[in-house]
Amino acid sequence: MSAQAETLRLALLGNPNCGKTALFNQLTGSRQKVANYAGVTVERKEGRLVSPSGRSYAVLDLPGAYSLNPASLDEAITRDLCRGFYPGEAAPDVLVCVVDATNLRLHLRFVLEVRQMGKPMIVALNMSDAAARRGIVIDRAGLERELGVPVVETVAVRRNGARALLELIDRVAANPHPPAVQLPADADLHAETRRLLAATVSMPARTARIDDALDRWLLHPFFGLLTLAVVMFLIFQAVYAWATPVMDLIDAGTAALGEWVGSRMAEGPLASLLVDGIIAGLGGVIVFLPQILVLFAFILALEESGYLPRAAFLLDRMMAGAGLSGRSFIPLLSSFACAIPGIMATRSIQDPRDRLATILVAPLMTCSARLPVYALLIGAFIPSREVWGGFNLQGLVLFGLYMAGILSALAVSWVMKKWRRDKGEHPLMLELPSYRLPNPRDLLIGLWERALIFLKRVGGIIFALTVLLWVLLTFPAPPPDATLPAIDYSLAGRIGHALTAVFAPLGFNWQICIALIPGLAAREVAVSSLATVYALSAADDEAAAQALSPVISDGWSLATGLALLVWFIYAPQCIATWAAIKRETGSWKTMAVAAGYLFALAYLASMLTYQVAVRLGAG
């Protein structure tokens with residue numbers, strides 16, 4: 001095979017918040033695939049790049065690392081991959097060490113560590129435009145001469161901002177020259193970093209004036225917390241205000257598709273499977289994709305802007321009082337998307353006590369899988385009207401549900417703190433990156449990835465469970481002398497009726513009981529399960545074609561709807577979350593404790609909600 005046709009491996013590495021992932025997106029575009037590294041749950045991103053010369057590269061976005069002397073699993077993976085020691089992963093041919101040009105004081109030390117490995121490498125001075133605006137002057141040629149490796153300026157968020165890097169990658173790949181290694185000691189690394197800064201960098205100010213001005217407000221003990229509360233409040237208002245028109249179109253399209261398929265098929269099991277099972281079930285989940293993407297868009301924008309570490313710093317004192325640390329904030333915020341990556345993100349918490357507490361309360365964060373359930377129940381029982389001068393009442397209720405999860409997590413961690421022997425506090429140390437405007441390209445790529453993940457779940461586990469539930473709801477067939485609807489004689493119907501004895505104090509009917517079981521596999525399945533149950537138990541085709549929301553609003557009491565909302569605040573997460581807790585803690589006991597206390601909280605809180613609501617006349 002010729003060198004031109006050979007695919008070389010190119011690895012991007014650097015500190016968190018250096019713009020490495022943005023540069024990865026710039027180089028690879030949509031030619032990406034996301035998986036996990038073998039044996040662990042750390043995300044693995046690989047993309048394909050064809051350079052202007054026609055050379056092909058496999059580009060790997062390595063986990064962010066502050067040092068190659070690992071203090072976390074992410075850093076250990078980055079070190080082992082660079083050295084070619086990670087099982088199942090070939091060593092990279094070229095390393096691109098990405099640094100924040102506005103913060104070389106922290107990033108240059110890592111460059112020196114990477115240089116010690118003696119591999120062909122390039123240093124990418126990312127955000128070089130921001131450094132120039134701040135008056136930071138970097139002698140690129142001098143830095144290249146001092147380091148003994150190529151140095152190039154990049155602007156990952158600008159179109160063609162990596163053109164110079166692309167040209168340099170080809171030259172280094174064609175003529176690799178490993179750098180000389182002369183600095184084995186950490187103390188020498190610190191001294192060399194100071195020397196390089198003095199020789200090649202002129203910094204008129206430690207931080208930009210705009211950063212200082214924003215931080216005076218956003219890190220203020222009062223105004224900072226107020227700003228954070230307002231931001232979170234507006235997010236949940238937007239989830240309803242922005243997504244509703246698209247949801248209405250999807251809902252109408254699903255109903256039309258069901259009617260069209262049903263009108264062209266003869267009555268029988270196959271037609272029932274397609275219309276009542278697959279279309280009703282999956283359509284009931286897909287309709288909530290716009291709301292999930294709105295939520296993700298805000299989380300990604302906050303992450304890209306540099307605001308999330310500041311929120312962690314701002315909340316550190318309050319979270320410490322509850323037995324957590326500011327480092328717990330980002331894993332818990334990640335759990336709003338899904339508890340599994342949130343639990344995985346706790347690896348950045350070095351204190352084992354704080355890490356375990358964060359893992360145990362992460363399932364209380366309102367993951368995006370709950371959003372379809374919340375949206376269904378809020379739409380059915382909470383009127384869509386403006387209150388308090390223009391706020392959407394449904395958005396207010398959604399905000400309240402999210403806040404209930406957050407406050408409950410703090411309360412549970414506070415109780416766990418009281419049981420610990422070590423009640424000392426652990427100081428928070430983290431880097432506050434410069435503020436920057438989120439790049440629309442990176443936001444769109446992030447949303448596309450998350451939409452694909454959601455749709456794969458719909459087409460995979462949710463599809464399989466929907467079909468399985470249809471089978472359980474359809475068979476066995478009713479006896480010839482049956483007087484009840486056919487669904488009552490099915491296996492699922494019998495299970496649901498049996499479970500009503502357990503859940504009667506919560507006001508749950510047998511249809512809800514059926515939906516709770518597959519909901520253990522994936523939260524969204526609860527909605528598709530209800531859609532399937534009610535489609536199969538409908539009196540006629542017209543009733544089966546009705547949207548699920550008005551069906552349950554007519555058939556359930558307000559007390560039942562409120563109790564089910566509260567149930568999903570606390571209910572044990574999906575089985576995949578239990579597995580993640582087991583993997584991260586290595587303990588079946590911890591997993592069982594997490595599932596047990598969440599089930600107990602869900603049952604008690606739902607029962608209390610239902611009984612109080614009935615006594616207040618909502619039954």
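Since the structure is predicted, the reported quantities are computational estimates derived from the model, not experimental observations.
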Just by modelled atom types, is the A90 backbone N or O under 3.5 Å from a matching donor or acceptor in the R9 side chain?
-> yes
Any donor-acceptor pair under 3.5 Å from N126 side chain to C18 backbone = yes
Closest non-hydrogen atom pair, Y66 against F110 = O-CD1, 3.6 Å
Okay, side chain of S413, backbone of A322: is any donor-acceptor separation there less than 3.5 Å?
-> yes
Flag side-chain contact, heavy atom, 4.5 Å: L125 against V99 | yes
Heavy-atom closest contact (H107 atom, V98 atom, distance) | ND1-O, 4.5 Å
Min side-chain heavy-atom separation K20-D61 under 4.5 Å | yes
Grab the two heavy atoms, one from L443 and one from P438, that are nearest each other, plus how far apart they are.
-> CD1-CB, 4.0 Å
Which heavy-atom pair separates L332 from A362 by the least distance, and what is that distance?
-> CD2-CA, 3.8 Å
Using ring pair (Phe, Tyr, Trp, His ring centres under 6.0 Å) as the criterion, list what pairs up with F85, not counting sequence neighbours.
-> none
Full working for side-chain contact (heavy atoms from CB on, under 4.5 Å) between T193 and V111 = CA-CA 9 Å; T193 300; V111 171; over 6 Å; no
Count the heavy atoms of every other residue, nucleotide or ligand shown that sit under 6.0 Å from CZ of R163, and state whether that count exceeds 12.
-> no
Measure the spacing between CG of L104 and CD1 of I138 and express it to the nearest 0.5 Å.
-> 4.5 Å
Side chain to side chain contact (heavy atoms under 4.5 Å, CB included) filter on S67, not counting sequence neighbours, yields N69, R109, E113
Answer yes or no: is there a side-chain heavy-atom contact under 4.5 Å between I406 and T366?
-> no
Using atom types as modelled and distance alone, determine if a side-chain donor or acceptor of S128 lies under 3.5 Å from a backbone N or O of T154.
-> yes
Counterpart residues, side chain to side chain contact (heavy atoms under 4.5 Å, CB included), relative to C82 (two or more places apart) | L13, L62, T78, L95, M117
With sequence neighbours excluded, residues passing salt bridge (charged side-chain N to carboxylate O under 4.0 Å, His left out) with D129 | R133, R158
Would you sort out whether F24 and L49 count as a side-chain contact (heavy atoms from CB on, under 4.5 Å), showing the intermediate values?
-> CA-CA 10 Å; F24 174 77; L49 164 67; over 6 Å; no
Over all heavy atoms of both residues, which pair between P120 and V172 is shortest? Give the atoms and the distance, please.
-> CB-CG1, 4.3 Å
Is the backbone N or O of L324 less than 3.5 Å from a side-chain atom of D354, with the two atoms forming a donor-acceptor pair by type?
-> no
Would you please test L147 and L112 for side-chain contact (heavy atoms from CB on, under 4.5 Å) and show each step?
-> CA-CA 8 Å; L147 289 173; L112 294 174; 3.7 Å; yes
Answer whether the closest heavy-atom distance between the side chains of I343 and I581 falls below 4.5 Å.
-> yes
Output the distance between atom CE (M416) and atom OG1 (T358), rounded to the nearest 0.5 Å.
-> 8.0 Å
Roughly how far apart are L360 CG and L356 CG, rounded to 0.5 Å?
-> 4.5 Å
Listed partners of F298 passing ring pair (Phe, Tyr, Trp, His ring centres under 6.0 Å), at least two apart | W242
What do the steps show when you test I359 against T590 for side-chain contact (heavy atoms from CB on, under 4.5 Å), and what is the final call?
-> CA-CA 10 Å; I359 287 173; T590 302; 5.6 Å; no
side-chain contact (heavy atoms from CB on, under 4.5 Å), paired with I122, selected from V151, V149, I169 | I169
Where is the tightest heavy-atom contact between G64 and E75, given as atom of each residue plus distance?
-> O-CG, 4.3 Å
Out of curiosity, M127 CE to N103 CG, how far, rounded to the nearest 0.5 Å?
-> 9.0 Å
Is there a donor-acceptor pair under 3.5 Å between the side chain of R310 and the backbone N or O of L218?
-> no
Just jot down the ring pair (Phe, Tyr, Trp, His ring centres under 6.0 Å) partners of W414, sequence neighbours excluded, or say none.
-> none
Got a donor-acceptor contact below 3.5 angstrom from the R370 side chain to the M365 backbone?
-> yes
Side chain to side chain donor-acceptor pair (under 3.5 Å), paired with Y57, selected from T7, D170, D93 = D170
Do side-chain atoms of Q26 reach the backbone of A156 as a donor and acceptor pair under 3.5 angstrom?
-> yes
From S56 atom OG to L8 atom CG, the distance as rounded to the nearest 0.5 Å | 8.0 Å
dist S202:OG -> L197:CG (nearest 0.5 Å) comes out at 11.0 Å
